[in-house]
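Here is the structure we will look at, set down as structure tokens.
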Amino acid sequence: GGGTPLDGRVEGAIDEINRSRDAMNERQLNLEAARLQLASAEAKREVELQRLRKSGYGNALARLNEYETVKARTAARREALARMRGRQGAARLAAAGAAGA
């Protein structure tokens, strides 16, 4: 067909869409590779844990698990406290702004 040529802006937008799609596809492939690597590492870790449990390190592993649980709980509390302090700070700023208006 004898259509009119595309406006340069349209061509540029199409090129940008294509570059973005290619970058997204590459990142998706990297993500999938990372998932496979993680699954492999988790399987190896589970095999090693089973070996250690059978070899008499069960008590040490139980204590380690308790420590990790406490550590995760502490981190969650710290994060919740930081969020609460952030909200309180935002509320104080909003109140100060309203008082100044």
Side-chain angles (χ1 to χ4, degrees):
T4 60
L6 287 176
D7 182 307
R9 293 173 295 178
V10 173
E11 287 181 8
I14 291 171
D15 289 342
E16 182 61 32
I17 289 169
N18 287 334
R19 283 191 298 275
S20 295
R21 184 195 61 237
D22 291 345
M24 181 185 71
N25 288 340
E26 182 180 345
R27 286 181 179 92
Q28 194 67 35
L29 291 172
N30 290 340
L31 178 61
E32 187 58 31
R35 282 185 185 140
L36 292 172
Q37 189 176 17
L38 176 61
S40 174
E42 287 175 340
K44 288 177 184 175
R45 180 188 56 87
E46 188 57 35
V47 167
E48 184 64 14
L49 278 174
Q50 292 304 324
R51 187 185 68 73
L52 288 171
R53 284 184 183 119
K54 291 177 185 175
S55 67
Y57 289 103
N59 288 338
L61 290 173
R63 286 196 311 273
L64 178 61
N65 189 41
E66 289 172 19
Y67 165 76
E68 291 295 336
T69 301
V70 169
K71 188 170 81 169
R73 233 183 286 139
T74 301
R77 287 180 184 149
R78 191 177 307 122
E79 193 174 303
L81 182 59
R83 281 194 308 271
M84 183 182 71
R85 287 181 177 159
R87 284 193 300 269
Q88 289 173 345
R92 281 194 294 273
L93 287 174

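Just the heavy atoms: all of them, side chains too, but no hydrogens, waters or symmetry mates, feed the values below.
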Between Lys71 and Glu68, is there a side-chain N and carboxylate O pair less than 4.0 Å apart?
-> yes
In plain terms, say whether Arg35 and Glu32 are close enough for a salt bridge, that is, a side-chain N and a carboxylate O under 4.0 Å apart.
-> yes
Which of Asp22, Asp15, Ile17 passes side chain to side chain contact (heavy atoms under 4.5 Å, CB included) with Arg19? It is Asp15
Taking Ser40 for the side chain and Gln37 for the main chain, is one N or O donor matched with an acceptor at less than 3.5 Å?
-> no
With Leu81 as partner, the option from Arg85, Arg83, Arg77 fulfilling side chain to side chain contact (heavy atoms under 4.5 Å, CB included) is Arg85
Does a sphere of radius 6.0 Å around CZ in Arg27 hold more than 12 heavy atoms from other residues, nucleotides or ligands, not counting ones at 6.0 Å or beyond?
-> no
Any chance CG of Asn25 has more than 12 other-residue heavy atoms, nucleotides or ligands included, within less than 6.0 Å?
-> yes
Give a yes or no on whether a salt bridge exists between Glu48 and Lys44, defined as a side-chain N under 4.0 angstrom from a carboxylate O.
-> no
Can you hop from Leu64 to Leu49 via hydrophobic side chains spaced under 4.5 Å?
-> no
Glu42/Arg45 salt bridge by N-O under 4.0 Å criterion = no
Evaluate the side-chain contact (heavy atoms from CB on, under 4.5 Å) criterion for residues Val70 and Thr74: first the C-alpha distance (whole Å), next the side-chain angles of each, then the deciding distance (0.1 Å), finally the verdict.
-> CA-CA 6 Å; Val70 169; Thr74 301; 4.1 Å; yes
